[in-house]
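Accompanying notes for the structure given below.
Nothing fancy with the numbering, it's 1 onward along the sequence.
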Amino acid sequence: MLEARVDLVFELIGISTRRARYLQSVLLCLVLSVGLFVATGLTVAGAALLSHWGWWLGWYVWTPVALGLAGSGTMLFGCLLLIREGELAMRNTLAEMRYLMDWREHATSSGEVPSPHFRPRAVGR
């Protein structure tokens, strides 16, 4: 069981490292998207002021649209990365549960721990 525990620790370290990298990328994407949305609001105000003063160059009208699309794209990408991180979290939990079930099977078959009698309770009763 010591070898299984060492294998589990190294597997969990690998998964946790990948999760940390995903979370770092998610944080970067979401902060960047918030910054782009703030910049969108500022360029909308700037475009309104420029058109009010009679400066109609045309290019500044598309700037808020481009920033809004960039903000939406980075937020979508951050959400997709967050979904991937959730999958890694589930893989981490399943690895821990697999180890515990193997340990329980080993411990009960060798007689170290008595076999548990599991009776699930009905929810709401």
Side-chain angles (χ1 to χ4, degrees):
M1 287 307 295
L2 180 61
E3 291 176 14
R5 184 179 295 173
V6 170
D7 290 342
L8 172 72
V9 167
F10 282 113
E11 182 180 359
L12 295 180
I13 287 173
I15 293 172
S16 296
T17 302
R18 282 184 277 166
R19 287 182 65 197
R21 288 183 186 141
Y22 275 114
L23 287 173
Q24 181 182 16
S25 299
V26 165
L27 185 61
L28 175 69
C29 285
L30 295 180
V31 168
L32 182 62
S33 68
V34 168
L36 286 169
F37 286 133
V38 169
T40 300
L42 292 174
T43 56
V44 166
L49 284 175
L50 287 175
S51 67
H52 177 70
W53 290 333
W55 295 358
W56 185 257
L57 301 176
W59 62 268
Y60 58 83
V61 175
W62 291 102
T63 305
V65 174
L67 288 173
L69 288 174
S72 298
T74 55
M75 185 167 284
L76 175 65
F77 185 65
C79 289
L80 293 175
L81 287 176
L82 202 53
I83 289 170
R84 179 66 180 136
E85 191 276 333
E87 292 173 358
L88 288 175
M90 183 56 94
R91 186 183 302 174
N92 198 355
T93 302
L94 291 175
E96 291 173 358
M97 292 298 110
R98 184 176 55 245
Y99 169 76
L100 290 174
M101 295 302 285
D102 289 345
W103 177 83
R104 189 190 92 190
E105 183 178 321
H106 173 74
T108 55
S109 66
S110 66
E112 296 174 14
V113 176
S115 178
H117 299 288
F118 179 68
R119 292 185 188 151
R121 285 190 249 163
V123 177
R125 293 186 182 177

*Residues in side chain to side chain donor-acceptor pair (under 3.5 Å) with Arg91, at least two apart?*
none
_Residues forming a side chain to side chain donor-acceptor pair (under 3.5 Å) with Glu11, sequence neighbours excluded_ = Arg98
Results of side chain to side chain contact (heavy atoms under 4.5 Å, CB included) for [X] - residues two or more places apart only:
X     : answer
Leu76 : Leu80
Thr17 : Ile13, Arg21
Leu36 : Leu32, Leu67, Ala70, Thr74

_Side-chain touch Phe77/Ser33, heavy atoms, less than 4.5 angstrom_ = no
_Non-hydrogen atoms of Gly78 and Val26 that approach each other most closely_ = O-CG2, 3.6 Å
*Which heavy atom in Pro64 sits nearest to a heavy atom in Thr40, and how many Å separate them?*
O-CG2, 3.5 Å
Verify the cluster assignment for [X] and [Y]: are they in a single hydrophobic cluster under the rule of side-chain heavy atoms below 4.5 Å apart?
X      : Y     : result
Leu30  : Tyr22 : yes
Met90  : Met97 : no
Leu100 : Leu8  : yes

*Does the pair Asn92 and Leu88 meet the rule for a side chain to side chain contact (heavy atoms under 4.5 Å, CB included), with working shown?*
CA-CA 6 Å; Asn92 198 355; Leu88 288 175; over 6 Å; no
*Hey, is CD on Glu96 packed in by over 12 heavy atoms from elsewhere, all under 6.0 Å?*
yes
*Interatomic spacing from CG in Leu69 to CH2 in Trp62 - rounded to 0.5 Å*: 9.5 Å
*Show your working on side chain to side chain contact (heavy atoms under 4.5 Å, CB included) between Leu23 and Leu82 and close with a plain yes or no.*
CA-CA 7 Å; Leu23 287 173; Leu82 202 53; 4.2 Å; yes
*Which residues pass the salt bridge (Lys or Arg N to Asp or Glu O under 4.0 Å) test with Glu87, sequence neighbours left out?*
Arg84
